[in-house]
**Q** 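Sharing a structure, written as structure tokens. Questions coming.
The sequence lines fix the lettering, A, B, ..., with proteins before strands; numbering per chain opens at 1. Bear in mind the structure is a predicted one, so any value in this text is a computation, not a measurement.
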There are 2 protein chains.
Amino acid sequence: MSTATIGPEAPATARPLPVLNDCCTPTSAMSDDDASLLAGMFKALADPARVKILSMLLNADEVCACDFSASIGKTAATTSHHLKLLRDAGLITGDRRGTWVYYRVIPERLTAIRDALTLGQ
Amino acid sequence: MSTATIGPEAPATARPLPVLNDCCTPTSAMSDDDASLLAGMFKALADPARVKILSMLLNADEVCACDFSASIGKTAATTSHHLKLLRDAGLITGDRRGTWVYYRVIPERLTAIRDALTLGQ
DNA sequence: TCAGTGTTTAGATGAACGTCGAAACACGGT
DNA sequence: ACCGTGTTTCGACGTTCATCTAAACACTGA
């Protein structure tokens, strides 16, 4: 991920700083892009079915697509939908080998999430 | 029956599990409760505004509620709504001191999320 | 080539979410 | 006690999401 430097995208119009209170020293948030990217990864995990899928992949480094459906108790179509969301978020990857599709996690992306949640950086 | 000729028939190992394919060794997912709890925490972070709020709290160990609204570019009502979601998820806490309310993260909960994302346990 | 099985996509539907303005609540100062 | 300001709740609106069935696609084996 890009360096999460502080500093908003300069809304150069009008005021350089909004009205501030004297309650505390102002703190700036991360950029819109970084926040959206991170929120997208969190959103990909914001469902019990997808958390279960990830947990299976964290325990065994490779899982057949046919295994997920029974374990999470959803239809094959719904399961495939969840797998696609996790793929689109860049958290997992799957490759077809003949009849079956095997999925695995992308460790780097999980590391990115963990780092974003780490205090003090 | 085991005295039959060698052949391509299935191995007679008894399996009490539901219909399984022979594509892989079955992997079990985490419990419903654990998955729901984790998904709830991820859902609390599945929005750029809330990610920004958390990033501010990770950089400064205490932030006044009045600071968030300007930094994330949302109305006070919307900001309060997001703060409530983060509170309900147990990720942050806020206490009123006179006029202002000061928020801070709950480090243990962030650690729980990080641990859940860690490979190999 | 065809039939059977595993996987994904398309369309539809009800629930949950993000956002706002307006109103209510909490507190400090006059 | 009242007024002004910071914060939260309420009600409403449009959007997004999770889920299913049905259909399409991918591959194997005969």
Side-chain angles (χ1 to χ4, degrees), chain A residues 18-24 26 32 35-36 39-54 62-89 92-104, chain B residues 7-10 18-24 26 32 35-36 39-54 62-89 92-104:
Chain A
V19 283
L20 285 180
N21 301 321
D22 55 352
C23 54
C24 54
D32 282 359
S36 293
M41 291 196 272
F42 286 126
K43 189 176 299 186
L45 293 172
D47 185 278
R50 297 197 288 273
V51 169
K52 284 187 179 182
I53 289 174
L54 188 76
E62 192 172 73
V63 176
C64 174
C66 63
D67 248 12
F68 295 120
S69 188
S71 293
I72 71 177
K74 297 287 158 62
T75 67
T78 299
T79 302
S80 182
H81 164 72
H82 288 307
L83 288 170
K84 175 173 170 51
L85 291 186
L86 289 170
R87 279 199 317 266
D88 291 347
I92 69 174
T93 181
D95 68 305
R96 174 164 231 132
R97 294 207 287 277
T99 303
W100 292 291
V101 179
Y102 294 88
Y103 283 91
R104 58 183 50 184
Chain B
E9 78 281 89
V19 284
L20 284 180
N21 299 323
D22 55 353
C23 54
C24 54
D32 282 0
S36 293
M41 290 196 273
F42 286 126
K43 188 176 297 184
L45 294 172
D47 185 277
R50 298 197 288 274
V51 169
K52 285 188 178 182
I53 288 174
L54 189 75
E62 191 173 73
V63 176
C64 174
C66 62
D67 249 12
F68 294 120
S69 187
S71 294
I72 71 178
K74 298 286 159 61
T75 66
T78 299
T79 302
S80 183
H81 165 71
H82 287 306
L83 287 170
K84 176 174 170 50
L85 291 186
L86 289 171
R87 279 200 316 267
D88 291 347
I92 69 174
T93 181
D95 67 306
R96 175 163 231 135
R97 296 207 286 276
T99 302
W100 292 291
V101 177
Y102 295 88
Y103 282 93
R104 58 182 50 185

**Q** Would you compute the distance between atom NZ of K52(B) and atom OG of S36(A) and round it to the nearest 0.5 angstrom?
**A** 7.5 Å

**Q** Nearest of dT7(D), dT8(D), dT8(C) to any side-chain atom of C64(B)?
**A** dT7(D)

**Q** Rounding to an integer number of Å, can you tell me how far K84(B) NZ sits from dC17(C) P?
**A** 12 Å

**Q** Could you tell me whether A65(A) contacts a base, only the sugar-phosphate backbone, or nothing, with contacts defined as non-hydrogen atoms closer than 4.0 Å?
**A** sugar-phosphate

**Q** Measure CG/L83(A) against P/dT8(C) and give the value in whole Å, please.
**A** 7 Å

**Q** In whole Å, I'd like the distance from the NZ atom of K52(B) to the P atom of dG18(C).
**A** 15 Å

**Q** Would you give the length of the straight line joining atom CG of L45(A) to atom CG of L45(B), rounded to the nearest 0.5 angstrom?
**A** 10.5 Å

**Q** Tell me whether the NZ or CZ atom of R97(B) lies within the 45° cone about the ring axis of Y102(B) and under 6.0 Å from its centre.
**A** yes

**Q** Calculate the interatomic distance between D95(A) atom CG and dG6(C) atom P; express it in whole Å.
**A** 18 Å

**Q** Going by the rule salt bridge (Lys or Arg N to Asp or Glu O under 4.0 Å), which residues pair with R104(A) if we only count those two or more places apart in sequence or in a different chain?
**A** E62(A)

**Q** Under 3.5 Å, which protein N or O atoms sit close to an N or O of nucleotides 17-19 of chain D? Give each pair with its distance.
**A**
from    : atom 1 : to     : atom 2 : distance (Å)
dA18(D) : OP1    : R50(A) : NH1    : 3.2
dA18(D) : OP1    : R50(A) : NH2    : 2.8
dT19(D) : OP1    : K74(A) : NZ     : 2.7
dT19(D) : OP2    : H82(A) : NE2    : 2.4

**Q** Would you please name every residue forming a side-chain hydrogen bond (donor to acceptor under 3.5 Å, both in side chains) with H82(A), sequence neighbours left out?
**A** R50(A)

**Q** Take nucleotides 22-30 of chain C nucleotide by nucleotide from the 5' end and write B, S or -, depending on whether a protein heavy atom sits under 4.0 Å from the base, only from the sugar-phosphate, or from neither.
**A** B---SSS--

**Q** Just jot down the side-chain hydrogen bond (donor to acceptor under 3.5 Å, both in side chains) partners of Y103(A), sequence neighbours excluded, or say none.
**A** R87(A)

**Q** Which distance, rounded to the nearest 0.5 Å, do you find between the CG of D67(A) and the CD1 of I72(A)?
**A** 11.0 Å

**Q** OP1 or OP2 of dG6(C) less than 4.0 angstrom from a side-chain nitrogen or oxygen of Y102(A), does that happen here?
**A** no

**Q** Tell me every residue that passes side-chain hydrogen bond (donor to acceptor under 3.5 Å, both in side chains) with T75(B), counting only those two or more places apart in sequence or in another chain.
**A** T78(B)

**Q** Classify F68(B) by what it touches in the nucleic acid, base, sugar-phosphate, or nothing, heavy-atom distance under 4.0 Å.
**A** nothing

**Q** Please find the pair of heavy atoms, one from D47(B) and one from A39(A), that lie closest to each other, and give the distance.
**A** C-CB, 3.5 Å

